[in-house]
Number of protein chains: 2
Amino acid sequence: MSARPRFREQFLQAREDAIVESVNRLLAEKGFEAMTVDEVVADVGIAKASLYKHFTSKEELAAAAMVRVLDRALEEVARLRGLELSAAARLQAVARWAYEQQMAGQMPALPSQNSTLRATLTGDKAYMDRLMQLSDDLGAWIVQAQGQGELNPALPPELVLYTLFARACDPVLGVMRASGAHTDAQIVDWLVATCFKGLAP
Amino acid sequence: MSARPRFREQFLQAREDAIVESVNRLLAEKGFEAMTVDEVVADVGIAKASLYKHFTSKEELAAAAMVRVLDRALEEVARLRGLELSAAARLQAVARWAYEQQMAGQMPALPSQNSTLRATLTGDKAYMDRLMQLSDDLGAWIVQAQGQGELNPALPPELVLYTLFARACDPVLGVMRASGAHTDAQIVDWLVATCFKGLAP
DNA sequence: GTCTATAAAGCGATAGAC
DNA sequence: GTCTATCGCTTTATAGAC
């Protein structure tokens with residue numbers, strides 16, 4: 001009911017975007033447990049109480065960051081849908097995209113064990129909607145690729161899907177980059193190849 | 001300089017073993033950050049101050065658990081060396097062993113980001129000795145398998161090694177088991193196959 | 001060496017003034 | 001809505017009696 005709601009809304013939206021972007025980066029850098037709310041507010045340059053007017057808990061911060069990355073993943077999926085590629089080639093492109101995001105420090109990493117975080121995520125409609133949308137999109141490509149003999153049909157589609165999700169946070173990338181012996185592009189190439197063709201020749 | 005040192009030593013050794021076994025299980029179950037020292041002492045049935053007479057920090061607890069699992073891995077490697085198998089078959093057997101350990105809740109999971117933990121581990125001679133021994137053993141098999149054309153020679157041996165270490169904590173196993181749709185043995189088979197042959201047919 | 005009790009510090013979350 | 005200041009809880013680690 002304010003006199004000039006749109007200006008105010010835009011300002012608040014921009015601030016929320018800045019918060020989520022910072023959270024995204026910190027989650028990619030140190031993970032959920034190691035990231036503190038104090039770090040986030042210091043990075044954004046606001047007071048902690050102000051942050052808690054936008055997000056009611058640390059878990060909701062992580063959920064917002066996940067919504068952001070899922071939106072970008074869905075954008076990439078939509079872009080790939082417009083290209084003339086086989087289903088397997090599209091899945092490979094998605095995997096490559098995920099590795100490149102991780103290489104750029106843009107892939108938030110969440111612990112799979114934390115129960116309160118899981119509860120917040122599963123209760124977040126925005127997150128669950130996007131997660132299911134992405135799973136459906138990739139699942140269709142997986143089944144299609146298996147039918148075309150480009151993906152092992154003996155593997156359950158869910159296992160392929162979970163494997164792709166897991167490889168998006170593959171710790172091997174960080175270790176290989178830390179060794180400093182190879183270029184980022186070379187590492188990504190190897191990881192994509194290992195994911196789809198394995199370690200065998 | 002006690003009057004009956006051997007009895008006392010044996011008792012203390014048994015208590016330390018009980019502590020490390022509990023830590024190993026808790027690390028496999030909830031990870032380093034979520035595991036609290038209070039949980040450990042409650043599980044073992046001793047007072048917290050008593051635990052700190054054996055181990056001077058939570059990080060050292062994790063290091064002791066890692067030494068334990070590395071010892072078991074080295075035992076498995078020694079066992080495999082006695083069998084008539086190709087280098088690639090031995091690596092595959094090691095991967096299978098690691099997945100089975102994880103399935104049994106015996107594979108401790110450490111965060112790769114925690115810096116104080118990393119500092120303790122790299123400063124722990126018992127841990128570093130075993131880690132380097134295992135890396136050398138597996139590295140020899142990797143180079144051998146690549147020379148025999150059973151492993152992709154285009155991949156740097158270090159990438160293969162890190163991949164095997166990473167798959168030992170592969171989160172895909174936990175998600176697949178949670179779905180409850182497949183047997184443990186079937187899941188392990190799929191994961192080993194995916195690791196070496198990839199998602200492609 | 002083991003215990004009870006407590007110190008010391010970090011962190012998530014909030015109260016209340018503006 | 002934003003700020004400062006602080007609460008309340010958890011957790012690691014230790015002091016001191018036995």
Side-chain angles (χ1 to χ4, degrees), chain A residues 1-20 22-23 26-27 30-65 110-111 113-121, chain B residues 1-20 22-23 26-27 30-65 110-111 113-117 119-120:
Chain A
M1 308 297 179
S2 135
R4 298 158 71 180
R6 299 228 12 236
F7 290 171
R8 189 160 197 80
E9 276 171 25
Q10 281 187 19
F11 176 76
L12 292 181
Q13 185 61 46
R15 170 156 284 190
E16 282 197 7
D17 287 347
I19 294 172
V20 176
S22 177
V23 168
L26 287 171
L27 282 181
K30 19 192 356 180
F32 181 76
E33 326 267 1
M35 178 189 81
T36 69
V37 179
D38 282 314
E39 280 176 325
V40 176
V41 298
D43 192 50
V44 180
I46 59 175
K48 189 151 54 170
S50 304
L51 182 145
Y52 275 96
K53 294 288 180 179
H54 294 273
F55 303 93
T56 66
S57 72
K58 184 185 176 185
E59 283 76 16
E60 270 197 17
L61 279 180
L110 300 187
Q113 302 114 340
N114 190 318
S115 59
T116 77
L117 178 57
R118 282 195 72 81
T120 298
L121 288 177
Chain B
M1 308 298 176
S2 132
R4 298 157 70 181
R6 298 231 10 239
F7 290 169
R8 187 157 198 82
E9 276 171 25
Q10 280 187 17
F11 175 76
L12 292 181
Q13 185 61 45
R15 168 155 286 191
E16 281 197 7
D17 286 347
I19 293 172
V20 176
S22 177
V23 168
L26 287 171
L27 282 181
K30 20 195 351 183
F32 181 75
E33 326 267 0
M35 178 190 81
T36 69
V37 179
D38 282 316
E39 280 176 326
V40 176
V41 297
D43 192 50
V44 180
I46 59 175
K48 188 150 54 173
S50 304
L51 182 145
Y52 275 96
K53 294 287 181 178
H54 293 273
F55 303 93
T56 67
S57 72
K58 184 186 176 185
E59 283 76 17
E60 270 197 17
L61 278 181
L110 300 187
Q113 302 113 341
N114 190 318
S115 59
T116 76
L117 178 57
T120 299

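Bear in mind the structure is a predicted one, so any value in this text is a computation, not a measurement. Each chain gets a letter, A, B and so on, in the order the sequences are listed, and its residues count up from 1.
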Partners meeting salt bridge (charged side-chain N to carboxylate O under 4.0 Å, His left out) with A:D43 (sequence neighbours left out) | A:R25

Please state how far atom CD1 in B:I19 lies from atom C1' in C:dT2, giving the value in whole angstrom units.
-> 12 Å

How many angstroms lie between OG in A:S22 and CG in A:D17, if you round to the nearest 0.5 Å?
-> 12.5 Å

Kindly write out the residues that satisfy side-chain contact (heavy atoms from CB on, under 4.5 Å) with A:A62, not counting sequence neighbours, or none if the list is empty.
-> A:L27, A:F32, A:L110, A:L117

Distance below 4.0 Å between B:R15 side-chain N/O and C:dG1 OP1 or OP2 = no

Quickly work out the A:E60 CD to C:dA13 P distance and round it to whole Å.
-> 10 Å

Under the side-chain hydrogen bond (donor to acceptor under 3.5 Å, both in side chains) test, which residues partner B:E33, sequence neighbours left out?
-> none

By salt bridge (charged side-chain N to carboxylate O under 4.0 Å, His left out), which residues pair with B:E39, not counting sequence neighbours?
-> B:K30

Return no unless some side-chain N or O of B:H54 is found under 4.0 Å from OP1 or OP2 of C:dG1.
-> no

Annotated protein contacts, base or backbone, on nucleotides 4-18 of chain D with a non-hydrogen cut-off under 4.0 Å, one of B, S, - each = B------SBBBB---

For residues 44-60 of chain A, which residue pairs qualify under salt bridge (Lys or Arg N to Asp or Glu O under 4.0 Å), counting only residues two or more places apart or in two chains?
-> A:D38-A:K48

